[in-house]
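Taking it in order: structure first as C-alpha cells, then the write-up.
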Amino acid sequence: MRRCARVGIVGLLSVVGLALGAGPALAHAGLESSDPADGAVLDTPPDQILLTFSEPPDLTLSTLGMLDATGAEVPLHDPEVVPGESGRQVALTPMATLGDGVYTVTFRVVSRTDGHLTAGSIAFGVGQVTGEVVPTASAPTENPWPSALSVIGKTLLYVGLILIFGAAVVGMGAFAGEVPGRRVLLPLAGVTALAGAGLMLVAEARSVGAGIGTIARSDAGEPFLRLIIVCVVVAVVATIAGFRGGGLWLAGAGEAAAFAMLVRATGGHAGGRPLQVVLQWIHFMVVAVWVGGFTLLLLLLRARRRASPPVAEAHAYSSLAGYALIVVVVSGVVRAIDELDGWSGITRALDTSYGTTLVIKVAIVIALIGLGTLNRFRAIPHLYEGSPLLARLVGVEVVTALVIFGATATLTGLPPHPQPSRPAQGPAPASLTVEGSDFATTVHVTLTVTPGVPGPNGYEAHVVDFDSGEPVTADEVSLRFEAVGRADLDVSQADLMLDPDGHWMGEGTELSVPGPWTVTALITKGAEATEVPMSLSLEPTDQQVSVAIGDPGQPTIVTFTMGDGMQLQYYADPGEAGANQLHLTALDATGLELPLESAVIVLTPEDGTPELVDVERFSPGHFVANTTLEAGDWHVDLVATTKDGASLTGAYDQTIG
C-alpha cells in the first residue's frame, strides 16, 4: 500500500508540474503565406513584404533578405514582427522604392518556441517583367535533417530520464523498493540526461550558426536552458537516491525525471496545445515504465543469476508492463494521427522524411512488442527452471529500445507535415545542364539546374560510374557552390535527397547572382568521399546586349545595358589569338563613366574551367587586364561593383580567330 502511495505521489506531483511548467511550442516555423504571393507580378511596388510563418520566428537568430534580378542585395530596414499575428508575421520594408524587375526574398528562420531551423524563398515581380515569375513554392521549404549531434543529445536525454523514472515506478511498484545496481545506475542515468540536454543546446547553436551565449540569450534558447536546469536537478536527486537509497529519495528522483519529460514535451511537436502536451507527456512516462522496467529486470536477472531467480518480480513487472504497453500504443496512435492531420495525412506523410522515419520506428516497436509477448508467455514461465531465455530476450529488448530512441530523436527534428506545394504557372521553365568527373575518372555527374537563372533553382544530379554508366550507390550527395571572383559571397552547400528513380534532388537559392560558378558534387559512401568539380555560368536576366563590330584592326565592343540605364562596356584588343588587353568600363544612365569599387573578369574556354583574370584600375570606372587568348570559343563573365554596392553584370560568348 505504501509503495502504491509513493507511486501515486510521483504522478500527483507531475500533474502539479504540468500546471506550473507547461509552455507553448510548435513544430517548425514553415512559411504559410506571403504578401506579395509567391510568383505574383505587381503593377506597383509594395511598401512592405509580409511573411507569415506557422510559428513565431526568433529574429535575433534568423536571416531575411532580398535580391534583385542581378543578384544584388536590396537594402532593407530591420525586419519587424507585425502586431496581432501571435508573432508569426514578419514585415520587410525596402529602404527605397522598388523598380521594375523580379525580386527574390530569402529566409532562414529559427523557431522562437522550439529552435527548429527552416529556410526557403519566394519570388515576385514588379511592373514590366520579362517572362514568367516562377513560384518557388513548387519546391518545398527546406527543413534540414537533424544533425548527428542533435540526435545523440536527444537519445542520451531520453535514455537517462527513462531509466530514472522506470527505476522509481518499477522499483517501488514491482520490485519491493529494490533497484539493482542503484549506486551506479541512478547517478549515471542522471549524468546521461544532463549531458544529452547540454548536447542539444550545442547542436542548436551549430545548426543556426550562432554562439552558445547568443542562443542562451534568445527566445529560441529558452526551452533548452529550462531543460538543462531541470536536468541538473534530476542528476542531483538521482545521485542522492543512488547512494542513500530509501523510497522517498527514489520517488523524488522519479518526480524530477517526470517533470523533465514534461519540459521536453512542451518543446516538441505537441507544444502549444495543452491536451497534446499532456498526451505526449503520458506517452513519455509509460514508455519509461515499459522500457525502463525491462532494463531494470535485466539488471535484476544478472544480479541474481547465482541465486534464486526473481520469479515474483518478473511476474509483477510483466503485469505492470502489460498495462503500460496498452497506454503506450493508444497514446502513440493518437499522437501520430494528430501530427499527421488525421488518417488522410498518413498516406501523404509516407512521401516525407518524417513519415519514413515514423514507419521505421513503428516497425521496430512492433518487433519489441513481439519480444515482450514472448517473454510473458514463454520465457517467464520457464524462469522457475533457471532458464536463461528471459535474460537473453530482455537483453535484445534493451538494444532494440536504443534504436527506437534514436528514431524518436530524429522524428522530433523533422516537420510532421509536408510543406505546401503549388505547381508553377505558365510554361515549363528552362534549365541549365553541366557535367564533370572526378580526378581519377571513376565517377561522372550530370547536374541539371532549373530554371538556371539567378535566384531559386531546383537541382537534379545523375551520379554514375565513369566506365559502365551504371548508377553509383552513395550514402550522401551534396553540392558546394562558389561564385568565381566574388569574395563577398560565402561558399554555400545544398544537400540532395535520393528519389525513387535514383536521381539526387534538391533545391535552394545558393546560385543567387549571375556570373560564373564552380559547383562541386561531393559523393560520400561510408568513409570514402569523391569530389566532382563542374563549372556553370548564369546569364543576367535584366539587360540588353548590343555588339558593335569594329573595322579591320579594331576591336569589337560589347555593351550591356541594365534595366536602370547603367551600362558595362567590354572589348578585347586586338581580339585575335595571342596577347590581348581586356577592357571593362562602367557608365551611368547619362553615359558618363561610373566610379567602381571593384571589377571581375572571368574567361572560360570551350570545354574548360573558368579562369579569373588579374585586373588593374585604369581610371575610376575603367579596368584593364593583360592575358593570352587562344583561338576558339570563349565565354566571358563580367562583374562590376559600384561605390554604393550595386552589382553590374554581363556575359558574352566570343570567338577568337
Side-chain angles (χ1 to χ4, degrees), residues 117 119 139 142-156 199 202-203 205-207 209 352-354 356-357 359-361 363-364 399 402-403 405-407 409-411 413-414 432-450 457-484 489-508 510-511 516-536 607-610:
L117 172 67
E142 177 188 355
N143 292 281
W145 275 80
S147 66
L149 189 62
S150 173
V151 172
I152 292 172
K154 292 174 183 176
T155 302
L156 292 177
L199 287 178
V202 175
R206 290 187 178 182
S207 69
T352 67
S353 302
Y354 182 91
T356 302
T357 308
V359 169
I360 294 173
K361 176 184 174 181
I364 300 174
V399 175
L402 287 175
V403 179
F405 295 154
T410 303
L411 275 175
L414 295 173
L432 178 66
T433 299
V434 294
E435 54 187 320
S437 305
D438 64 315
F439 179 77
T441 61
T442 61
V443 176
H444 185 83
V445 175
T446 302
L447 174 65
T448 301
V449 181
T450 305
N457 278 281
Y459 312 124
E460 179 179 344
H462 295 200
V463 183
V464 300
D465 181 84
F466 185 87
D467 296 319
S468 67
E470 294 297 320
V472 170
T473 302
D475 297 329
E476 297 178 353
V477 174
S478 61
L479 301 175
R480 186 171 65 241
F481 301 86
E482 184 174 5
V484 179
L489 296 179
D490 293 334
V491 176
S492 58
Q493 180 169 310
D495 296 325
L496 306 184
M497 300 294 294
L498 187 64
D499 72 1
D501 296 327
H503 304 155
W504 291 90
M505 311 293 291
E507 58 86 26
E510 290 78 14
L511 296 169
W517 289 79
T518 296
V519 183
T520 303
L522 180 64
I523 300 102
T524 304
K525 182 178 182 180
E528 298 182 358
T530 303
E531 292 190 351
V532 176
M534 295 168 283
S535 301
L536 60 83
D607 299 328
T609 58

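For this chain, numbers begin at 1 and follow the sequence in order.
In this structure His444 satisfies the ring pair (Phe, Tyr, Trp, His ring centres under 6.0 Å) test with no other residue, sequence neighbours excluded. The salt bridge (charged side-chain N to carboxylate O under 4.0 Å, His left out) test applied to Glu531 returns Arg480, not counting sequence neighbours. By the side chain to side chain contact (heavy atoms under 4.5 Å, CB included) test, His462 pairs with Thr446, Glu460, His503, sequence neighbours left out.
Using modelled atom types, one side-chain atom of Asp475 and one backbone atom of Gly526 make a donor-acceptor pair closer than 3.5 Å. In this structure, Asn457 contributes its side chain and Val449 its backbone to no donor-acceptor pair below 3.5 Å.
Here the side chains of Leu199 and Leu156 are in contact, with some heavy-atom distance below 4.5 Å. Within the 4.5 Å cutoff, the side chain of Val477 has no heavy atoms near those of the Val445 side chain.
Shown are Leu536, Leu447, Thr450, Leu511; of these, the side-chain contact (heavy atoms from CB on, under 4.5 Å) with Leu432 is made only by Leu536.
Atom OG1 of Thr448 is separated from atom CD of Glu435 by 9.5 Å, given to the nearest 0.5 angstrom. Between the CG atom of Leu479 and the OG1 atom of Thr520 there is a distance of 9.0 Å, given to the nearest 0.5 Å. If you take CG on Leu496 and CD on Glu476, they are separated by 10.5 Å, rounding to the nearest 0.5 Å.
What you find for Ser437 and Val532 is that their closest heavy atoms are N-CG1, 3.5 Å. The heavy-atom pair separating Asp495 from Ser478 by the smallest distance is OD1-CB, 3.4 Å. What you find for Phe481 and Glu510 is that their closest heavy atoms are CD1-CB, 3.5 Å. Contact between Val443 and Asp438 at its shortest, heavy atoms only, is N-OD1, 2.8 Å. Taking all atoms of both residues into account, the shortest heavy-atom contact from Trp504 to Val463 is CD1-CG2, 3.9 Å. The heavy-atom pair separating Ala494 from Tyr459 by the smallest distance is CB-CE1, 4.0 Å.
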